[in-house]
2 protein chains.
Amino acid sequence: MVTLKEIAQMCGVSISTVSNIINGKSNVGEDTRRKVLEVIKQTGYKPNYFAQGMRKQKTRIVGIIVEDLNLFSTTPIVGAIMAYFEDHDYRTILIDMRLYDKWQDTWYNDEQKIQSVLQPSIKELLSIKVDGIVYIAGHCRIINCFPNDFKIPAIVVYGLSKNPRFTSVIIDDKKGGYDITKYLISAGHRRIGVIAGTADNLHTMNRSLGYQQALFEEKILFNPDLIRYGDWMRESGYSEAEYLVNSGVTAIFCMNDIMAAGAYDYLYEKGIKIAEDISVAGYDNNVISEYLRPALTTNEIQLNEIGQESAKVMLKMLENKYIPSKNPDIIEIPCRLVTRESVKKYKLEPASGNTVVS
Amino acid sequence: MVTLKEIAQMCGVSISTVSNIINGKSNVGEDTRRKVLEVIKQTGYKPNYFAQGMRKQKTRIVGIIVEDLNLFSTTPIVGAIMAYFEDHDYRTILIDMRLYDKWQDTWYNDEQKIQSVLQPSIKELLSIKVDGIVYIAGHCRIINCFPNDFKIPAIVVYGLSKNPRFTSVIIDDKKGGYDITKYLISAGHRRIGVIAGTADNLHTMNRSLGYQQALFEEKILFNPDLIRYGDWMRESGYSEAEYLVNSGVTAIFCMNDIMAAGAYDYLYEKGIKIAEDISVAGYDNNVISEYLRPALTTNEIQLNEIGQESAKVMLKMLENKYIPSKNPDIIEIPCRLVTRESVKKYKLEPASGNTVVS
DNA sequence: TTGTAGGCGTTATCAA
DNA sequence: TTGATAACGCCTACAA
């Protein structure tokens with residue numbers, strides 16, 4: 001790889017002249033500039049990042065830490081962030097903590113486990129001298145990522161920073177739960193069961209809130225029995241669907257598509273026709289939702305938008321142009337309702353008594 | 001971030017002594033060593049990679065270039081590679097060329113387009129001074145990645161290097177096609193249709209070869225009409241399934257799971273019972289295969305193994321310990337048959353005349 | 001308009 | 001056993 005020095009020698013000028021030309025300084029003669037530029041092009045010179053990074057204390061590298069790259073939500077976010085930074089002449093370096101890989105489901109309430117991987121990862125990035133760090137969570141939790149005296153810009157994506165000093169970018173789960181419930185209600189359903197995620201999960205709580213809000217607005221009594229807590233897995237969708245069907249619901253809102261698939265399993269087994277006999281909605285717009293039969297109506301998590309927005313915020317921070325609009329600064333990205341075949345109009349039998357769910 | 005100099009000052013010793021201790025040199029007094037080590041621990045000192053990389057000409061960073069991170073096959077490979085290097089004290093830097101994002105399907109026969117993104121990416125990594133480069137293709141093609149005089153170790157994964165100097169790691173498609181066909185035959189099928197990928201694709205060609213080999217071994221006449229070329233998309237699975245059903249096949253081997261889903265669409269629409277009336281097999285073990293009904297028998301591409309093997313080879317190269325076993329050096333990773341519900345025993349009616357497919 | 005010198009943090013060489 | 005010094009490639013203040 002060619003260096004400044006070599007270019008200078010080839011052109012018969014000094015190193016600083018070449019440097020000045022590259023950095024667009026105006027104090028260089030036209031002839032010299034042309035000649036040097038020519039040689040640079042020929043040799044395909046590129047500055048050495050290490051030398052550059054050492055000299056200026058900026059590297060134009062942004063570090064991305066992900067909890068687990070194999071989660072369906074993580075890659076699109078990462079992709080969008082990388083794309084954005086690439087377009088703005090920043091490089092990114094990605095660290096995959098592989099938390100699920102290492103500990104399956106046992107880590108996210110175990111601060112110690114997380115920190116034991118997170119701290120070295122952060123130090124790693126710091127020693128690479130990244131200009132900023134983006135932390136991407138695997139699901140929405142309150143996360144203690146960065147110490148209060150953290151020196152470089154940092155944000156938390158798809159999770160909430162415990163420390164209000166750091167901006168968080170999350171999805172608007174409350175509105176998500178609200179929208180999908182409203183949609184179900186607009187299709188005539190009034191007895192709507194929910195297969196929720198784990199009870200202590202923020203997604204679960206906020207989507208439930210949205211669900212309740214929608215019921216309230218439509219003057220439907222909220223029956224807590226109709227909220228069943230699963231564990232996001234297919235099997236729990238199956239078993240909770242059984243319960244809800246026996247409770248006489250006409251529609252089921254599953255808080256992810258995987259559990260919706262589990263509900264499908266149950267309904268199929270029992271010969272209950274989805275869309276005809278009962279409506280089902282999911283959440284995430286996971287690839288599988290297109291391949292379930294009937295295709296699943298769901299709420300798309302706009303992962304690209306999340307990534308892009310995060311990158312945008314980070315870039316502003318790097319340029320010292322970011323002003324948080326509130327404190328704590330939480331940016332909520334809306335979900336997008338994707339209507340497919342699994343929800344059908346429910347015909348109310350008049351005086352059937354199910355106008356109000358009891 | 002603490003520097004060597006500061007540590008030296010705090011301990012009242014010289015910079016070189018500290019450096020020697022960190023690098024495990026033996027020419028240091030026991031007392032000094034203990035004291036310095038103590039301070040290093042307290043301050044959480046980590047060497048500055050830029051300074052280090054500048055000094056030694058090695059960075060212990062491996063560059064990974066992917067054609068598109070959003071492809072289902074890419075992330076697991078990347079994950080496995082990162083994991084392996086992390087365990088061996090190497091860092092990785094990932095560049096996502098986003099080829100599909102930029103040009104959809106129009107790039108992979110367009111050398112110019114590819115090179116216009118690839119060359120800057122390589123230069124980028126070179127200027128970061130990575131010790132080696134792993135190129136991950138989105139699908140198997142002959143790819144012209146690296147020039148003949150490339151200075152650092154480089155390999156091509158999930159694709160074939162045009163230049164035989166570079167090692168390639170690919171899947172064993174021939175055996176894959178063979179295995180799945182054998183399996184279908186062992187279930188009693190003799191008239192087996194194929195929904196292949198695009199005709200000029202290496203996956204298509206090799207899987208077809210495996211299919212033919214299996215037929216040959218079982219003394220089944222190969223009927224070229226039963227190979228239909230799709231374009232890997234769901235719709236083409238639908239239409240080619242129609243053709244094959246009309247040709248009277250008892251089983252369909254789809255060269256990816258997406259097209260198998262398309263075949264499902266057709267069969268479902270026509271009321272043809274999968275597994276009962278006709279058997280279907282896919283390829284990839286895409287997530288969706290578990291959610292199709294009946295669950296799809298398919299051939300798993302062992303992406304983790306591919307990643308791991310690639311990383312292993314690259315590491316050996318970095319340590320100058322790699323000796324290619326053949327030239328060109330192509331490492332083939334076998335696929336793994338995943339049997340589910342979509343293939344059922346076909347009962348031969350005696351003297352039905354379909355022992356030999358004509 | 002161009003060139004010189006110093007320093008970013010580390011390691012290697014050599015001298016003390 | 002320890003320390004001074006040069007060098008890696010680049011940028012910048014300042015001198016010429």
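The structure presented is a predicted model; accordingly, all values stated were derived computationally and were not measured. First the proteins, then the strands, lettered A, B, ... as listed; each starts at 1. Basis for what follows: all heavy atoms, side chains included, without hydrogens, waters or symmetry-related copies.
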Would you check if there is a donor-acceptor pair between the side chains of Y135(B) and E67(B) at a distance under 3.5 Å? yes

More than 12 heavy atoms of other residues, nucleotides or ligands under 6.0 Å from CD of Q112(B): yes or no? no

Sugar-phosphate, base or nothing in reach of I15(A), heavy atoms under 4.0 Å: nothing

What's the closest nucleotide to the side chain of V28(B) if the choices are dC10(D), dC8(C), dT2(D)? dT2(D)

Starting from the 5' end of DNA chain D, give me the residue, A51(B) or S16(B), whose nearest nucleotide shows up first. S16(B)

With heavy atoms under 4.0 Å as the rule, sort N20(B) into base, sugar-phosphate or nothing. nothing

Whole angstrom value for the distance that separates C1' of dG3(D) from NZ of K5(B): 15 Å

Taking atom C1' of dG3(D) as reference, at what distance in whole Å does atom CZ of R33(B) sit? 16 Å

At under 4.0 Å between heavy atoms, what does N48(A) touch on the DNA or RNA strands: base, sugar-phosphate, or nothing? sugar-phosphate

Phosphate-side-chain proximity, T17(A) and dT2(C), N/O vs OP1/OP2 below 4.0 Å: no

Spacing between K56(A) atom NZ and dA13(D) atom C1', to the nearest angstrom: 16 Å

Between dT10(C) atom C1' and R60(B) atom CZ, what is the distance in whole Å? 16 Å

Grab the CZ-P distance between F50(A) and dG9(C) for me, whole Å please. 15 Å

Classify the nucleic acid contact of T3(B) as base, sugar-phosphate or nothing, counting any heavy atom under 4.0 Å across all strands shown. sugar-phosphate

How is Y49(A) classified with respect to the nucleic acid when contacts are heavy atoms under 4.0 Å: base, sugar-phosphate, or nothing? nothing

Tell me whether R91(B) is salt-bridged to E86(B), with the criterion being a basic N under 4.0 Å from an acidic carboxylate O. no

Could you check which of dC10(D), dT11(C), dT1(C) has an atom nearest any side-chain atom of T32(A)? dT1(C)

From the set dG3(C), dA7(D), dC10(D), return the single nucleotide nearest to any side-chain atom of V13(A). dG3(C)

Is it true that D89(A) and R60(A) make a salt bridge, defined as a side-chain N closer than 4.0 Å to a carboxylate O? yes

Distance, rounded to the nearest Å, where K129(B) contributes NZ and dC8(D) contributes C1': 10 Å

Measure CD1/I40(B) against P/dT10(C) and give the value in whole Å, please. 10 Å

Any idea how Y108(A) and H139(A) line up, ring-wise: parallel (<30°), tilted (30 to 60°), or perpendicular (>60°)? perpendicular

Using a 4.0 Å heavy-atom cut-off, does L4(B) contact any base of the nucleic acid, only the sugar-phosphate backbone, or nothing at all? base

Between K46(A) (NZ) and dC10(D) (P), how many Å, whole number? 12 Å

OP1 or OP2 of dA12(C) versus the side-chain N and O atoms of K25(B): is any pair under 4.0 Å? yes

Have a look at K58(A) and say if it touches a base, only the backbone sugar-phosphate, or nothing, with a 4.0 Å heavy-atom cut-off. nothing

Value for CZ (R33(A)) from CD1 (I40(A)), rounded to nearest 0.5 Å, stands at 10.0 Å

Short side-chain N/O contact to dG9(C) OP1/OP2 from Q52(B), under 4.0 Å: no

Which nucleotide in the list dT2(C), dC8(D), dT4(C) gets nearest to the side chain of N27(A)? dT2(C)

